[in-house]
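Presented below is the structure to which this report refers.
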Amino acid sequence: MQTIAVYPGSFDPITNGHLDVIRRAATMFDRVYVAIARNSEKAPLFTVAERVSLARTALRGWRGVKVDEFDGLLVRYARRKKARVVVRGLRAVSDFEYEFQMAQMNRQLDAAIETIFLMPKDEYTFLSSRVVKEVASLGGSVSTFVPRNVEQALGKKLGGMP
């Protein structure tokens with residue numbers, strides 16, 4: 001029986017920190033769904049279709065990794081995909097409280113789905129999509145923080161970058 005995991009997030013845009021967590025999850029599970037959330041409460045820079053495309057390009061050729069989109073309850077999505085695990089990244093202690101609350105809520109909604117936390121490499125612990133967008137919008141280089149296709153998309157979206 002395959003062990004399937006879901007790594008949900010807005011991925012606006014996907015960063016090298018996300019890729020690091022996905023790489024680790026892909027060694028632990030037979031299939032990992034990178035599940036890009038449609039969230040009406042957020043105002044993302046990239047549309048869902050753009051975020052899916054960026055993630056698919058960045059993850060092209062990765063064995064066992066699929067990119068998908070979802071809305072609604074994460075546990076419902078996980079059930080549809082027959083996932084037993086939700087993967088969440090923790091960059092700093094400040095992430096833990098929110099992630100812990102979400103994991104507990106998901107456990108209440110479906111006790112059969114476990115949440116695991118993975119920490120990115122030290123070099124990515126400060127990295128977030130928000131910080132990448134801020135640096136890019138101010139004309140700074142984000143080449144060490146995101147895949148090349150994302151760097152190019154940020155340049156087109158924000159102007160002034162390659």
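Everything numeric in this text was worked out from a predicted model, so none of it was measured. No hydrogens, no waters, no symmetry mates; every other heavy atom, side chains included, goes into these values.
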Which atom of [X] lies closest to which atom of [Y], heavy atoms considered:
| X | Y | answer |
| --- | --- | --- |
| Ala25 | Leu118 | N-CD1, 4.0 Å |
| Arg91 | Ser128 | NH1-CB, 3.1 Å |
| Arg51 | Pro44 | NH2-CG, 3.8 Å |
| Ala136 | Val142 | N-CG1, 3.9 Å |
| Ser141 | Val135 | O-CG1, 3.9 Å |
| Pro8 | Arg88 | O-NH1, 2.7 Å |

Tell me whether [X] contacts the main-chain N or O of [Y] through its side chain, where contact means a donor paired with an acceptor under 3.5 Å.
| X | Y | value |
| --- | --- | --- |
| Arg63 | Ala26 | no |
| Asp68 | Ala35 | no |
| Arg38 | Glu69 | no |
| Ser129 | Pro13 | yes |
| Arg31 | Lys66 | no |
| Ser53 | Ala49 | no |
| Asn149 | Thr57 | no |

Answer whether the closest heavy-atom distance between the side chains of [X] and [Y] falls below 4.5 Å.
| X | Y | result |
| --- | --- | --- |
| Tyr7 | Ile22 | yes |
| Asp20 | Thr15 | no |
| Asn106 | Ile113 | no |
| Phe29 | Thr3 | yes |
| Val150 | Phe145 | no |
| Trp62 | Val32 | no |

Could you state whether [X] and [Y] fall into the same hydrophobic cluster, counting links through intermediate Ile, Leu, Val, Met, Phe, Trp or Tyr residues with side-chain heavy atoms under 4.5 angstrom apart?
| X | Y | value |
| --- | --- | --- |
| Phe46 | Leu19 | yes |
| Val21 | Val67 | yes |
| Val52 | Phe70 | no |
| Leu90 | Tyr98 | no |
| Phe96 | Tyr124 | no |

Residues, nucleotides or ligands: over 12 heavy atoms within 6.0 Å of [X] [atom1]:
| X | atom1 | value |
| --- | --- | --- |
| Gln2 | CD | yes |
| Glu134 | CD | no |
| Arg84 | CZ | no |
| Phe126 | CZ | yes |

What distance separates [X] [atom1] from [Y] [atom2], expressed to the nearest 0.5 Å?
| X | Y | atom1 | atom2 | answer |
| --- | --- | --- | --- | --- |
| Leu127 | His18 | CG | NE2 | 8.0 Å |
| Met119 | Arg24 | CE | CZ | 7.5 Å |
| Met28 | Ile116 | CE | CD1 | 4.0 Å |
| Tyr33 | Tyr77 | OH | OH | 6.5 Å |
| Thr144 | Asn16 | OG1 | CG | 7.5 Å |
| Gln152 | Arg148 | CD | CZ | 4.5 Å |

Partner residues of Arg79 under the side chain to side chain donor-acceptor pair (under 3.5 Å) criterion, sequence neighbours left out: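 Residues passing side chain to side chain donor-acceptor pair (under 3.5 Å) with Arg79: Asp110.
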
For a side-chain contact (heavy atoms from CB on, under 4.5 Å) with Asp12, tell me which candidate from Ile36, Leu45, Leu54, Thr47 qualifies.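 Going through Ile36, Leu45, Leu54, Thr47 one by one, the side-chain contact (heavy atoms from CB on, under 4.5 Å) with Asp12 is satisfied by Leu45 alone.
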
